[in-house]
Amino acid sequence: QVQLVESGGGLVQAGGSLRLSCLASGRTFSGYAMGWFRQAPGREREFVARISGSGTNTVYADSVKGRFTMSRDNAQNTCFLQMNSLKPEDTAVYYCTLGPKWTSLPTYWDYWGQGTQVTVSS
C-alpha cells in the first residue's frame with residue numbers, strides 16, 4: 001500500500017518561506033510523477049505543481065510560478081515544495097500526490113497524503 005506523508009507546514013508571515021516535504025513508501029518511487037495540490041476552506045482542490053519521475057520536468061500553476069519550486073530526491077523517496085514570497089492567499093491545506101499520469105487534474109492522481117496546513121498571515 002502506498003503511503004504519502006507530508007510535513008513542513010506551519011504559520012508564516014506574508015513574504016516568508018516554507019519548505020514542504022513528502023515522503024513516499026510502498027512502491028517504486030522514481031517511475032511516477034509527483035504533485036502538490038492545495039485546498040482552502042470553501043474552495044475546490046487546486047493544482048499547485050507537478051514533477052516528472054526523473055525530476056527533469058516541472059509544471060506550476062500561474063499563481064505560484066516564480067515563487068514556488070518543486071523538486072524530488074528519488075534516492076530518499078521524497079519530494080519537496082519550496083515556497084517563497086508567501087501571500088495570505090496561499091493559505092490552504094497542501095496535499096502531496098503520486099500517480100502515473102502527467103496531468104494537473106486531481107481526478108487522475110492515484111494516491112494522496114493527509115495534507116499539511118499552511119497559514120500565511122498578513
Side-chain angles (χ1 to χ4, degrees):
Q1 182 69 20
V2 174
Q3 286 192 318
L4 302 174
V5 179
E6 303 97 334
S7 61
L11 173 64
V12 64
Q13 288 188 332
S17 298
L18 284 174
R19 189 189 195 211
L20 305 183
S21 299
C22 175
L23 176 63
S25 62
R27 80 179 314 162
T28 303
F29 178 72
S30 61
Y32 293 85
M34 299 288 295
W36 287 96
F37 288 75
R38 66 187 182 187
Q39 188 165 19
R43 302 188 65 175
E44 292 187 354
R45 192 166 296 189
E46 66 171 354
F47 167 75
V48 175
R50 53 187 163 98
I51 191 167
S52 60
S54 64
T56 55
N57 296 312
T58 52
V59 176
Y60 298 94
D62 288 343
S63 58
V64 307
K65 203 172 294 183
R67 301 188 297 122
F68 291 11
T69 302
M70 187 173 182
S71 60
R72 66 190 294 165
D73 181 343
N74 286 341
Q76 306 227 7
N77 281 7
T78 304
C79 73
F80 307 95
L81 186 68
Q82 177 67 44
M83 305 185 295
N84 299 329
S85 302
L86 282 161
K87 305 175 181 180
E89 51 264 44
D90 294 317
T91 296
V93 177
Y94 283 70
Y95 297 91
C96 173
T97 186
L98 178 148
K101 293 188 180 292
W102 188 238
T103 176
S104 298
L105 298 176
T107 306
Y108 295 101
W109 291 83
D110 293 343
Y111 301 100
W112 295 83
Q114 293 298 308
T116 184
Q117 177 70 47
V118 171
T119 303
V120 185
S121 63
S122 56

Joint hydrophobic cluster, W112 plus V2, side-chain heavy atoms closer than 4.5 Å | no
Which pair of non-hydrogen atoms, one from N57 and one from W102, has the smallest distance, and what is that distance?
-> O-CH2, 3.6 Å
Closest approach of N84 to S17 (non-hydrogen atoms, all atoms of both residues) = OD1-OG, 2.9 Å
Q82 atom CD, neighbour heavy-atom count above 12 within 6.0 Å | yes
Looking at F29 and C79, what are the two nearest heavy atoms and their distance?
-> CZ-N, 4.2 Å
Cystine candidate C22-C96, SG separation under 2.5 Å = yes
To the nearest 0.5 Å, atom CD of E46 lies from atom OG of S104 at 11.5 Å
Going through the checks in order, is the side-chain contact (heavy atoms from CB on, under 4.5 Å) test met by V48 and M70?
-> CA-CA 10 Å; V48 175; M70 187 173 182; over 6 Å; no
hydrophobic_cluster_shared for L4 and L23, side chain cutoff 4.5 Å = no
Intermediate values then yes/no, side-chain contact (heavy atoms from CB on, under 4.5 Å), V12 and M83 = CA-CA 11 Å; V12 64; M83 305 185 295; over 6 Å; no
Per ring pair (Phe, Tyr, Trp, His ring centres under 6.0 Å), F37 is matched among Y95, Y108, F47 by F47
Charged N to carboxylate O below 4.0 Å: is that the case for D62 and K65?
-> yes
On a heavy-atom basis, the closest approach of D110 and P100 is OD2-CD, 3.1 Å
Heavy-atom count around Q3 CD within 6.0 Å, excluding the residue itself: above 12?
-> no
Could you pull out the closest heavy-atom pair between A49 and L81, with the gap in Å?
-> CB-CD1, 4.3 Å
Check whether L20 and F80 end up in the same hydrophobic cluster, where Ile, Leu, Val, Met, Phe, Trp and Tyr are linked by side-chain heavy atoms less than 4.5 Å apart.
-> no
May I ask you to establish whether R50 and W109 are in a cation-pi arrangement, using a distance under 6.0 Å from NZ or CZ to the six-membered ring centre and at most 45° from the ring axis?
-> no
Looking at T78 and S21, what are the two nearest heavy atoms and their distance?
-> CG2-CB, 4.4 Å
